[in-house]
> 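First the structure, then my questions, so here it is.
Proteins come first, then strands; the chains are lettered A, B, ... in the order of their sequence lines, and each starts at number 1. All values reported here derive from a predicted model rather than from experimental measurement.
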Number of protein chains: 2
Amino acid sequence: MTKISSQLLKGTLENAILMIIAQGETYGYALMQQLATAGFGPIPEGTVYPLLLKLQRNGLITAQRHASTTGPDRKYYQVTATGRAQVTAFLPEWEQLVAAMAALIQTQQG
Amino acid sequence: MTKISSQLLKGTLENAILMIIAQGETYGYALMQQLATAGFGPIPEGTVYPLLLKLQRNGLITAQRHASTTGPDRKYYQVTATGRAQVTAFLPEWEQLVAAMAALIQTQQG
DNA sequence: TTTTGATACATTGCTTTACAAAGTAGTGGG
DNA sequence: CCCACTACTTTGTAAAGCAATGTATCAAAA
């Protein structure tokens with residue numbers, strides 16, 4: 001589970017987070033662990049929390065604060081229709097990039 | 001052959017360019033067309049030329065100017081050992097990201 | 001009881017990267 | 001002679017990941 005370069009994550013991370021929240025509502029701290037488990041490596045607080053705030057401002061996710069019996073309040077997020085639409089628009093772009101890279105990599109080894 | 005978001009290209013484009021030059025020496029203007037043909041969409045001059053200068057400064061590629069009978073001089077590039085080493089280091093990182101995304105995408109459709 | 005560590009979130013500023021815009025210059029066709 | 005295509009450079013901008021720092025809650029250890 002190596003760390004992925006921050007440049008590589010640009011653009012991808014935002015959509016990865018939207019997809020994880022779409023699996024079921026979650027909060028920032030848990031999301032960081034879910035990202036690590038999913039294979040994105042350790043994503044620091046300084047990345048995740050500002051990103052979530054931005055997504056909320058832009059209407060891609062909604063949030064509610066709920067108390068926790070085991071610690072500070074948690075801010076739970078859900079994906080909006082706009083958020084789902086963005087992911088839908090993102091996926092073919094991602095597939096195109098992956099396909100282009102796969103073809104290039106093939107020529108390097110052959 | 002849609003245009004890929006600039007954010008998605010970050011980190012990837014540099015290594016894609018190194019891999020294309022590794023296929024055979026080329027120059028900036030031709031490289032732009034090779035990128036388009038390879039499926040990366042249209043990459044503008046303002047991206048390609050500064051990137052090539054940076055790669056040269058960092059010792060990942062070398063360059064020589066040669067005259068052209070059909071237009072201005074061309075600057076031909078070749079990948080150095082350092083450049084090849086960077087690509088080698090990049091590839092597993094890229095594969096990890098692709099794998100993590102593939103798994104996420106799978107859960108979205110299932 | 002004090003302190004440590006894990007949990008949980010926000011804010012500020014830095015660095016890197018793709019890109020737009022503008023400029024320079026060579027060649028050839030209408 | 002002008003225009004389009006070729007070919008490269010330079011300057012400045014926007015966006016994204018992240019380090020650093022601060023705040024605050026709760027539980028276990030000292």
> Applying a 4.0 Å non-hydrogen cut-off, can you work out what B:Gly71 is touching in the nucleic acid: base, sugar-phosphate, or nothing?
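Sugar-phosphate, backbone atoms only, no base.
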> Whether A:Lys54 and A:Glu14 form a salt bridge (side-chain N of Lys/Arg under 4.0 Å from carboxylate O of Asp/Glu) is what I want to check.
yes
> Where the side chain of B:Glu93 meets the backbone of A:Ser5, is there a donor-acceptor pair that is under 3.5 Å apart?
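Yes, because the side chain of B:Glu93 sits within donor-acceptor range (under 3.5 Å) of the backbone of A:Ser5.
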> Nearest to the B:Lys54 side chain among D:dC18, C:dT17, C:dA25, which nucleotide is it?
C:dT17
> Base of C:dC19, side chain of B:Glu45 - is there a donor-acceptor contact under 3.5 Å?
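Side chain to base: no pair below 3.5 Å.
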> Give one of base, sugar-phosphate or nothing for A:Lys75, where a contact means two heavy atoms less than 4.0 Å apart.
sugar-phosphate
> By nearest atom, which of the nucleotides C:dG26, D:dG17, C:dT11 is closest to the A:Leu13 side chain?
D:dG17
> Using a cut-off of less than 4.0 Å, is there contact between a side-chain N or O of B:Tyr49 and OP1 or OP2 of D:dT9?
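No, no such contact exists.
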> What's the closest nucleotide to the A:Leu53 side chain, out of C:dT11, D:dC8, C:dT7?
C:dT11
> Between C:dG26 atom C1' and B:Asp73 atom CG, what is the distance in whole Å?
8 Å
> Under 4.0 Å between a side-chain N or O of B:Arg65 and OP1 or OP2 of D:dT9?
yes
> Between D:dC18, C:dC19, C:dA8, which one does the side chain of B:Lys3 approach most closely?
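Nearest to the side-chain atoms of B:Lys3, counting from C-beta on, is C:dC19.
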> To the nearest Å, give me how far apart CG (A:Leu52) and C1' (C:dC9) are.
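Atom CG in A:Leu52 sits about 10 Å away from atom C1' in C:dC9.
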> Whole angstrom is fine here: how far is it from CG in B:Leu55 over to C1' in C:dT16?
14 Å
> How many whole angstroms separate atom CD of A:Gln86 from atom C1' of D:dA15?
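My rounded result for the distance is 13 Å.
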> Between B:Thr70 and A:Ser68, which is nearer to the 5' end of DNA chain D once each is assigned its nearest nucleotide?
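The answer here is B:Thr70.
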> Would you say C:dC9 has OP1 or OP2 under 4.0 Å from some side-chain N or O of A:Tyr27?
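It does not, given that no N or O in the side chain of A:Tyr27 lies less than 4.0 Å from OP1 or OP2 of C:dC9.
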> Given C:dC19, D:dT9, C:dA8, identify the nucleotide with an atom nearest to the side chain of A:Tyr29.
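Nearest to the side chain of A:Tyr29 among the choices is C:dA8.
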> Using atom CG of A:Leu8 as one end and atom C1' of C:dT17 as the other, report the distance to the nearest whole Å.
12 Å
> Scan side-chain atoms only and decide if B:Gln23 and B:Gln34 contain a donor-acceptor pair under the 3.5 Å cut-off.
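Side-chain D/A pair, B:Gln23 to B:Gln34: absent.
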> Any donor-acceptor pair under 3.5 Å linking the side chain of A:Gln64 with the backbone of A:Lys75?
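Such a contact is absent between A:Gln64 side chain and A:Lys75 backbone.
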> Tell me the interatomic distance from A:Ile4, atom CD1, to C:dT16, atom P, rounded to whole angstroms.
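In whole Å, C:dT16 P lies 20 Å from A:Ile4 CD1.
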> Supply the atom-to-atom distance A:His66 NE2 to A:Arg74 CZ, rounded to the nearest 0.5 angstrom.
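A:His66 atom NE2 to A:Arg74 atom CZ measures 11.0 Å (nearest 0.5 Å).
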> Please confirm whether the shortest side-chain N or O distance from B:Lys10 to OP1 or OP2 of D:dA16 is below 4.0 Å.
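B:Lys10 to D:dA16 OP1/OP2: no side-chain N or O under 4.0 Å.
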> Expressed as a whole number of angstroms, how long is the span from B:Met32:CE to D:dC5:C1'?
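So the CE-C1' distance, B:Met32 to D:dC5, works out to 12 Å.
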> Quick one: which of C:dC19, D:dA7, D:dC18 gets closest to the side chain of B:Pro50?
C:dC19
> Using atom CG of B:Leu35 as one end and atom P of C:dC19 as the other, report the distance to the nearest whole Å.
10 Å
> Should B:Trp94 and B:Thr12 count as side-chain neighbours, where that means a heavy-atom distance under 4.5 Å?
yes
> Is the distance from OP1 or OP2 of C:dC19 to the nearest side-chain N or O of B:Thr47 less than 4.0 Å?
yes
> Counting side-chain heavy atoms from C-beta on, which of D:dA16, D:dA7, D:dT9 comes nearest to B:Arg74?
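The listed nucleotide nearest to B:Arg74's side chain is D:dA7.
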